[in-house]
K.L.:
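The structure's right below; bear with me while I get my questions together.
Counting starts at 1 for both ligands and their atoms, following the listed order.
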Amino acid sequence: MVGTAKSVELHFHALPGVDDGPVTLEESVELVRQAAAQGTETVVATPHVRTDFVTDVLGLGERVEELQAALAADGVPIELRRGAELGHDMVGRLSQNELESIAQGPAASPWLLVESPFEGIEEEFHSATDELRDRGFGVLVAHPERSADASFYDSAGLRRELAAGSLAQVNAQSITGAHGPEAQWAALALIDRGLVTVVSSDAHGLTRPPLLREAAAHLVEHGIDPLLCRTLVGGGPRRLLARGIPRAAALVA
Ligand SMILES: [Fe+2]
């Protein structure tokens, strides 16, 4: 890790058997143990909330408690929080209570992690995030660098989101090149342009492990200020948990 400050994972598929993340409880424990070994103190468990994976949002609390207990029994020193990677097409299907159950940040300034569609950040996505803002939630856009929005549209969709008050989270695996050269180029370009608030692993299992340490080292090699690197994996996400994302008025770019 760059420096000694503890890091925070805001995007991490930690729960076993609920999505395309770890399959067994043992794999989940090992995955979170690897995060702790990299200097991570808090992991927000963010299963896919989509029609093809988790739809019973209120059942996630029990799953998080089960994993937290297994981590404690194995002596893994980490705080696990309940969250979600929300598919934008689920926004209109979830009640206020369900959205609140997977939101992060203080009650006065809650926010949700919303998955960027690979095919692009388009009108339906903006409508969904506008609805979230209308319902009181800020938005953290997950891995926009992996979307066609970055590859083909110069991140126009992301920039419209940022103008509306959303923030951006980039994947550690994109930075290291594990998601391919296009995602790597896009991740570095977005960070260079100051458009990114958080880097998270988006870990999915032992074949897609936590990589914050490697990503931070790669950013320093790329010429990014080491202080900014620490902020992207530590201070930035920690502030979002403590202070939230202000709900900005929905703007039309
Ligand atoms: Fe994810």
K.L.:
Is the H48 ring parallel, tilted or perpendicular to the H204 ring (thresholds 30°, 60°)?
P.N.:
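Tilted, since the angle between the ring planes falls between 30° and 60°.
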
K.L.:
Could you tell me whether any N, O or S atom belonging to E115 is less than 2.8 Å from the Fe ion (ligand 1)?
P.N.:
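Short answer: no, not a single N, O or S atom is under the cut-off.
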
K.L.:
From the options K6, E9, E214, select the one residue that forms a side-chain hydrogen bond (donor to acceptor under 3.5 Å, both in side chains) with Q38.
P.N.:
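It is E214; the other options fail the test.
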
K.L.:
Just wondering, is there an N, O or S atom on H13 that's nearer than 2.8 Å to the Fe ion (ligand 1)?
P.N.:
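H13 does place an N, O or S atom closer than 2.8 Å to the Fe ion (ligand 1).
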
K.L.:
Tell me, please, if H48 has any N/O/S atom, main chain or side chain, under 2.8 Å from the Fe ion (ligand 1)?
P.N.:
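So H48 does not bind the Fe ion (ligand 1) by this criterion.
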
K.L.:
If you check every N/O/S atom of H11, which is the one nearest the Fe ion (ligand 1)?
P.N.:
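Considering only N, O and S atoms, H11 comes nearest to the Fe ion (ligand 1) through NE2.
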
K.L.:
Here's a test for you: under side-chain hydrogen bond (donor to acceptor under 3.5 Å, both in side chains), which of H88, R146, R50 qualifies with E115?
P.N.:
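Of H88, R146, R50, side-chain hydrogen bond (donor to acceptor under 3.5 Å, both in side chains) with E115 is met by R50 alone.
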
K.L.:
Once rounded to 10°, what is the value of the angle centred on the Fe ion (ligand 1) between E85 OE1 and D202 OD1?
P.N.:
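The angle at the Fe ion (ligand 1) comes to 170°, rounded to the nearest 10°.
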
K.L.:
Nearest 0.5 Å, please: how far is OG1 in T51 from CZ in R93?
P.N.:
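Interatomic distance, R93 CZ to T51 OG1, rounded to 0.5 Å: 5.5 Å.
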
K.L.:
In a check of side chain to side chain contact (heavy atoms under 4.5 Å, CB included) between S101 and each of L58, L94, L60, which one passes?
P.N.:
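By the side chain to side chain contact (heavy atoms under 4.5 Å, CB included) criterion, S101 pairs with just one of L58, L94, L60: L58.
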
